[in-house]
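Inspection log for the structure reproduced underneath, given as structure tokens.
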Amino acid sequence: YSKKNLKEYAKLTDDNIGKGYDKYKKAKEYLLSLSDKELDEVEEIIRGKETTFSAFVVAATRHAVDELKENNHSKV
């Protein structure tokens with residue numbers, strides 16, 4: 001590999017990692033806006049179940065998006 005190719009690869013990798021990190025930071029900011037009570041409720045609901053907090057948040061988000069879509073369609 002040439003130094004030029006390695007430098008281009010390093011930049012591409014840094015850019016991709018940066019984008020992924022930015023997405024993570026946005027999700028973290030949202031989750032941190034949940035109150036301790038809300039976080040405790042989620043923990044209690046999923047405790048002992050075969051799921052993770054992340055999977056629960058994804059499922060809840062999908063459900064909310066589906067509800068919003070249904071509500072928008074019913075208003076038409």
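- Put simply, OG1 on T51 and CD1 on I45 are 11.5 Å apart, with the number rounded to the nearest 0.5 Å.
- In the hydrophobic clustering of this structure, L39 groups with F56; members are Ile, Leu, Val, Met, Phe, Trp, Tyr whose side-chain heavy atoms approach within less than 4.5 Å, directly or through other members.
- Residues that satisfy the salt bridge (Lys or Arg N to Asp or Glu O under 4.0 Å) test with E43, not counting sequence neighbours, are R47.
- For E50, there are no side chain to side chain donor-acceptor pair (under 3.5 Å) partners at least two apart in sequence or on another chain.
- Sorted by first then second residue, the side-chain hydrogen bond (donor to acceptor under 3.5 Å, both in side chains) pairs that include residues 52-65, not counting sequence neighbours, are H63-E67.
- Partners of E41 by side-chain contact (heavy atoms from CB on, under 4.5 Å), not counting sequence neighbours, listed by chain and number: K37.
- E38 is linked by a side chain to side chain donor-acceptor pair (under 3.5 Å) to S35, counting only residues two or more places apart in sequence or in another chain.
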